[in-house]
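I have placed the structure first, in the form of structure tokens, so that the comments after it can refer back to it.
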Number of protein chains: 2
Amino acid sequence: MAARDANYWRNYLRACGLKSSRTRLALLELLSRESCALAAEELYERLPPGSCDLATVYRSLQSFEGLGLVDKLDWGEGRSRFELSEQQAQSKHHHHLVCRLCRRVESVPECFVPALSKQKWIRGFKDISHQLDFFGVCPDCQ
Amino acid sequence: MAARDANYWRNYLRACGLKSSRTRLALLELLSRESCALAAEELYERLPPGSCDLATVYRSLQSFEGLGLVDKLDWGEGRSRFELSEQQAQSKHHHHLVCRLCRRVESVPECFVPALSKQKWIRGFKDISHQLDFFGVCPDCQ
DNA sequence: TTTCATGCAAATGGTTTGCAGCCAC
DNA sequence: GTGGCTGCAAACCATTTGCATGAAA
């Protein structure tokens, strides 16, 4: 399937009633090229120097999250990471295996969580999502 | 099984080469009484007023984490939560179901993650743990 | 032209740290 | 008595916000 291009994002943003500024398009293209979740500052560093402000990166990511374009992940590093949402990334549902020491990240294709509708503990909660992350020590750090 | 008491913690800390100060013991007793993971500030508020400093709470939690006494959890709230580690809490392995809106937390007794030793994606990572959290909208917030 | 997005700088909030005094051992 | 703890205050760092300017529609 074709990767999302600037045109796709332009239309998507327009459909949501958001303006498609240079920065927003650049961020979305960046995110769709990245295979791993990035922190806001890492995204900022990958943009052309001086082309935008870190605050703008945060504001854009916030909008994108609201639209369901990106997912915000938290691996206990003291900062959040962002990746294109599964639907937008056209990627399979997946999880992460993070090295406790060097923070290297591998993708985990497996998901062990079945359909939940019949679980007693749900107790009326709706619209349930889950986050499953593995932590370990990678071969290089052992 | 008997709950951990001050004496137990005193011995535990001593065995680890740490002094058992009043604050540390109070924190450990607090944690062993709580059923839900608390933020550092919540722990601080539950201690006798003026009995210790917030910085000390953080420092203690850090030590405890290093000893494997407590687990640090991150639910994307912008702050960390701490709970007695499974072994110390004498509680069953469990997960959490967090309301996205009011942050109410239910315990999830089920774990869907099987023994991982044969999974290809492990690729030499050792000492693997996992964190599985569910997010939804609770009945009251719907 | 109108509205929304941005840059800049300052504020915020959780967490950490330096240092001098204090308490457990 | 000694060295690890603690309180206090300041530093830190990720993230947010106010406001005047600038760019997209």
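Source: prediction; values computed, not measured. Just so we're on the same page: letters track the sequence lines, and every chain starts at 1.
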What residues in [range] put a non-hydrogen atom under 4.0 Å from any atom of DNA chain C?
range	value
residues 33-45 of chain A	none
residues 55-71 of chain B	B/Ala55, B/Tyr58, B/Arg59, B/Gln62
residues 10-18 of chain A	A/Leu18

Whether A/His130 and A/His93 hold their rings parallel, tilted or perpendicular, with breakpoints at 30° and 60°: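 Ring orientation of A/His130 relative to A/His93: perpendicular.
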
Run the salt-bridge test on [X] and [Y] with the 4.0 Å N-O cut-off and return the result as yes or no.
X	Y	answer
B/Arg104	B/Glu106	yes
B/Arg81	B/Glu42	yes
A/Arg100	B/Asp127	yes
B/Glu41	B/Arg46	no

With sequence neighbours excluded, residues passing side-chain contact (heavy atoms from CB on, under 4.5 Å) with A/Ala89: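 Result, side-chain contact (heavy atoms from CB on, under 4.5 Å) vs A/Ala89: A/Leu84, A/Ser91.
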
ring-ring contact (aromatic ring centres under 6.0 Å, His included) against A/Trp75, all qualifying residues, sequence neighbours excluded: A/His96

Beyond-backbone contact of B/Ser32 with B/Gln88, side-chain heavy atoms, under 4.5 angstrom: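 SC-SC contact between B/Ser32 and B/Gln88 ruled out.
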
With no hydrogens and no angle check, is any side-chain donor or acceptor of [X] less than 3.5 Å from a backbone partner on [Y]?
X	Y	result
A/Arg24	A/Lys19	yes
A/Ser51	A/Leu47	no
B/Ser85	B/Gly68	yes
A/Ser60	A/Thr56	yes

Short side-chain donor-acceptor distance under 3.5 Å, B/Tyr8 and B/Glu29: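 Looking only at side-chain atoms, B/Tyr8 and B/Glu29 do not form any donor-acceptor pair under 3.5 Å.
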
Degree of bending in the helix from C/dT1-D/dA25 to C/dC25-D/dG1 once both end axes are built from five pairs, to 10°: 30°

[X] side chain N/O closer than 4.0 Å to the phosphate oxygens (OP1, OP2) of [N]?
X	N	value
B/Ser80	C/dT15	yes
A/Arg24	D/dA24	no
A/Ser21	D/dG22	no

